[in-house]
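Okay, so here's the structure we're looking at.
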Amino acid sequence: MQNLEVNFLGCGFSVHGTSRCKFQWVRHLLDGTWEEVEGAIKPEYLVTADDVDKLIGVECIPMDDHGRKGEVVRVFANEQTKIMCDPKMQQEIDKYMAAGQASFITLLLMDSSENWEQTTFTLKRSNYQVKINQTQEIFIQGKYTNDVSIKIPSGLTTQFVLTYSDGSSHPFNTFHDVRMRDTLVLTMIMFQSKALDERRNARG
């Protein structure tokens, strides 16, 4: 069982005049397709909550001194097994799911001037909300839909972003706690997945 907070490193040796390589880390999804990990173009890659239940691989494009490209090399990481939570994190998430609620203290980026406000990010069975601690104002409140997603920007180790289908987004930070960031993200994904499944079953 692969733990989160693990680095993968793509490396090799030069053959046939290769002087440098371009890297692109990719996720292989459950439906057999794959997606590029946005911004993950360095040899080193830090596993995040976005990688859970997926196969991780790296694509390497060799190049010579004249910029000529060689054949793309694709290699799976983690011995071609899926990324999984460690048992302690999974137990914590299971506890939140059984209770039907989880709360996390986070920082919310309010504007482009790096003004971060301390907030309480609360997840429930059918909805989520973000409350600004200083004013007790509920800044974000919504139900789980296909229009909202929670993602982790590559290279920003304690941040995550709520994004909406209309292009709007809200960046968050979990101080310096990577584990709390990944726990929050996975818990919201599970609450959302369960809520959407229940609605589909109710309609059916």
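This one's a predicted model, so the numbers in the text were calculated from it and none came from an experiment.
A donor-acceptor pair under 3.5 Å is absent between the side-chain atoms of T158 and the main chain of T174, judged by distance alone. With R181 contributing its side chain and Q159 its backbone, the two residues share a donor-acceptor pair below 3.5 Å. Although no hydrogens or angles enter the test, the distance criterion places a donor-acceptor pair under 3.5 Å between the side chain of Q192 and the main chain of T145.
F172 and V161 are members of different hydrophobic clusters when ILVMFWY side chains are connected at heavy-atom separations under 4.5 Å. By the criterion of side-chain heavy atoms lying less than 4.5 angstrom apart, applied directly or through intervening Ile, Leu, Val, Met, Phe, Trp or Tyr residues, L55 is not grouped with Y45; the two fall into different hydrophobic clusters. Both Y164 and I152 sit in one connected hydrophobic cluster of ILVMFWY residues. Membership requires side-chain heavy atoms under 4.5 Å apart, directly or through other members. Linking Ile, Leu, Val, Met, Phe, Trp and Tyr residues whenever their side-chain heavy atoms come within less than 4.5 Å places I150 and F139 in a single cluster. Under a hydrophobic-cluster definition in which Ile, Leu, Val, Met, Phe, Trp and Tyr are linked whenever side-chain heavy atoms come within less than 4.5 Å, directly or via other members, F23 and F76 are assigned to different clusters.
For the 3.5 Å distance criterion, the side chains of D86 and Q90 fail to qualify, holding no donor opposite an acceptor. Residues T122 and S103 bring a donor and an acceptor atom of their side chains to less than 3.5 Å of each other.
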Practice task
Test side chain to side chain contact (heavy atoms under 4.5 Å, CB included) on R27 and D51 and set out the steps.
Solution key: CA-CA 7 Å; R27 297 187 185 102; D51 302 315; 2.4 Å; yes

Problem - side chain to side chain donor-acceptor pair (under 3.5 Å) between T120 and N133, worked out - result: CA-CA 7 Å; T120 299; N133 291 355; 2.8 Å; yes

Practice task
Determine, stepwise, if the pair I105 / Q118 fulfils side chain to side chain contact (heavy atoms under 4.5 Å, CB included).
Solution key: CA-CA 7 Å; I105 302 300; Q118 189 176 104; 3.8 Å; yes

Practice task
Please step through side chain to side chain contact (heavy atoms under 4.5 Å, CB included) for the pair L186 and C85, ending with a clear verdict.
Solution key: CA-CA 9 Å; L186 289 171; C85 285; 3.3 Å; yes

Practice task
Could you walk me through whether R125 and Y144 pass side chain to side chain contact (heavy atoms under 4.5 Å, CB included), step by step?
Solution key: CA-CA 9 Å; R125 285 193 173 95; Y144 301 116; over 6 Å; no

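Under the 4.0 Å criterion applied to side-chain N and carboxylate O atoms, K151 and D50 are not assigned as salt-bridge partners. Between D197 and K194 there is no salt bridge, since no side-chain nitrogen of the basic residue lies less than 4.0 Å from a carboxylate oxygen of the acidic one.
Counting heavy atoms from C-beta outward, I61 and Q24 have side chains that stay 4.5 Å or more apart. The side-chain heavy atoms of K88 and R179, taken from C-beta on, include a pair separated by under 4.5 Å. A heavy-atom distance below 4.5 Å is found between the side chains of K143 and R199. Using a 4.5 Å heavy-atom cutoff, the side chains of I93 and M89 are in contact. Within the 4.5 Å cutoff, no side-chain heavy atoms of L107 are placed close to those of T119. In this structure the side chain of N115 never reaches within 4.5 angstrom of the side chain of L109, judged on heavy atoms. Between I189 and V52 there is no side-chain heavy-atom pair separated by less than 4.5 Å. The closest side-chain heavy-atom distance from F121 to L108 is not below 4.5 Å.
Aromatic pair F104/Y96: centroids less than 6.0 angstrom apart.
The distance from atom OG1 of T183 to atom CD of E92, rounded to the nearest 0.5 Å, is 4.5 Å. One finds the CZ atom of R74 at 11.0 Å from the SG atom of C60 (value rounded to the nearest 0.5 Å). Put simply, CG on N173 and CH2 on W116 are 4.5 Å apart, with the number rounded to the nearest 0.5 Å. Between the OG1 atom in T187 and the CE atom in M180 there is a gap of 11.5 Å [rounded to 0.5 Å].
By the neighbour-count criterion of 12 heavy atoms within 6.0 Å, atom CD1 of I140 is densely surrounded, having more than that number from other residues, nucleotides or ligands. Open room surrounds CD on Q134; 12 or fewer heavy atoms of other groups in view lie less than 6.0 Å from it.
Among residues two or more places apart in sequence or in another chain, the side chain to side chain donor-acceptor pair (under 3.5 Å) test is passed with D53 by none. The ring pair (Phe, Tyr, Trp, His ring centres under 6.0 Å) test applied to F191 returns no partner, not counting sequence neighbours.
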